[in-house]
Amino acid sequence: MSIKVDFEGEKELQALFKRMAGKGMETVIVGSLSMTANEVLNKSKKIVPVDLGTLKDSGRVEKPASVNGMWEVKIAYGGAASKYAEIVHENPNAQHKPGKTYHFLKIPVDAARATFATDIKRRILAYLRLKS
């Protein structure tokens with residue numbers, strides 16, 4: 001189960017990625033996308049419903065990749081929990097322990113929307129400052 005999301009400022013961010021990739025900065029792009037996506041995953045793991053822990057343990061961030069000239073990073077749950085990850089994520093009527101909820105991936109993704117592009121740009125600029 002994964003969620004595809006478009007973010008505010010994505011076009012500008014993709015343009016920055018294209019300029020940087022042309023200068024051999026793919027490592028910076030991958031690192032920045034990975035760190036930001038891992039923050040979202042960590043927030044998600046705090047609210048994912050837990051029974052045996054299989055669903056929580058299945059959360060992952062895949063290595064960012066350039067697809068058709070656009071950079072993307074996938075945050076997903078599944079693996080051993082693939083049969084029920086989406087069911088748990090989408091069921092508003094399920095009973096969960098306090099602090100755990102359905103939409104456990106959507107909630108932190110939605111919260112990250114407003115600052116995702118800015119956070120990545122900040123990480124890239126910090127890296128570039130360290131290198132100079």
Side-chain angles (χ1 to χ4, degrees):
M1 177 202 79
S2 62
I3 298 173
K4 181 170 173 35
V5 179
D6 293 324
F7 288 95
E8 200 66 35
E10 182 178 0
K11 289 179 183 173
E12 295 83 5
L13 189 60
Q14 289 291 348
L16 173 64
F17 288 166
K18 283 181 184 176
R19 287 195 309 272
M20 290 181 67
K23 296 179 181 176
M25 301 293 289
E26 289 86 355
T27 302
V28 179
I29 295 168
V30 169
S32 299
L33 283 168
S34 293
M35 285 194 298
T36 303
N38 273 300
E39 285 179 0
V40 171
L41 179 63
N42 290 335
K43 289 176 183 173
S44 175
K45 285 187 172 192
K46 290 179 181 177
I47 62 172
V48 66
V50 177
D51 184 13
L52 301 174
T54 306
L55 179 58
K56 183 178 182 177
D57 292 343
S58 76
R60 69 189 183 288
V61 171
E62 295 179 7
K63 183 178 179 183
S66 179
V67 179
N68 298 323
M70 301 287 283
W71 281 90
E72 65 181 33
V73 60
K74 292 182 182 176
I75 307 166
Y77 283 87
S82 61
K83 290 186 178 181
Y84 58 89
E86 189 170 356
I87 294 167
V88 174
H89 190 270
E90 297 301 320
N91 185 355
N93 300 315
Q95 299 297 311
H96 301 296
K97 295 176 183 169
K100 309 299 180 180
T101 187
Y102 83 111
H103 280 176
F104 50 87
L105 185 54
K106 183 182 183 311
I107 291 168
V109 165
D110 286 348
R113 274 182 201 271
T115 62
F116 193 81
T118 305
D119 291 345
I120 296 217
K121 287 178 190 175
R122 180 179 41 82
R123 286 193 164 96
I124 289 169
L125 291 172
Y127 177 84
L128 294 174
R129 278 189 219 109
L130 287 174
K131 285 203 68 152
S132 48

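Computation of the quantities below employed the complete heavy-atom set of this structure, encompassing side-chain atoms and omitting hydrogens, waters and symmetry-equivalent molecules.
No side-chain donor-acceptor contact under 3.5 Å links Ser44 to the backbone of Val40. One N or O on the side chain of Ser82 and one on the backbone of Gly79 form a donor-acceptor pair closer than 3.5 Å.
Tyr102 places none of its side-chain heavy atoms less than 4.5 Å from the side chain of Ile107. Taking 4.5 Å as the limit, some side-chain heavy atom of Arg113 sits within range of a side-chain heavy atom of Asp110.
Here CG of Asn38 is found 9.0 Å from NZ of Lys45. Values are rounded to the nearest 0.5 Å.
Annotation for Ala80 and Thr54: closest pair CB-CG2, 3.8 Å, computed over non-hydrogen atoms. Across all non-hydrogen atoms, the minimal contact from Val30 to Pro64 is O-CG, 3.6 Å. Across Tyr77 and Leu41, no two heavy atoms sit closer than the pair OH-CD1, 3.8 Å.
Judged as a salt bridge (charged side-chain N to carboxylate O under 4.0 Å, His left out), and not counting sequence neighbours, the contacts of Glu62 are Arg60. Residues passing the side chain to side chain donor-acceptor pair (under 3.5 Å) test with Thr115, sequence neighbours excluded: Asp119. Residues satisfying the side chain to side chain donor-acceptor pair (under 3.5 Å) criterion with Ser58, sequence neighbours excluded, are absent altogether. Taking the side-chain contact (heavy atoms from CB on, under 4.5 Å) definition, one finds that Ser66 meets it with Trp71, sequence neighbours left out. With sequence neighbours excluded, the residues that form a side-chain contact (heavy atoms from CB on, under 4.5 Å) with Glu39 are Arg123. A search for salt bridge (charged side-chain N to carboxylate O under 4.0 Å, His left out) contacts involving Asp51 returns nothing, not counting sequence neighbours.
The aromatic rings of His89 and His103 sit tilted relative to each other, their planes meeting at an angle between 30° and 60°.
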Distance-only donor-acceptor pairs under 3.5 Å for side chains of residues 92-101, two or more places apart:
| from | atom 1 | to | atom 2 | distance (Å) |
| --- | --- | --- | --- | --- |
| Lys100 | NZ | Lys46 | O | 3.0 |

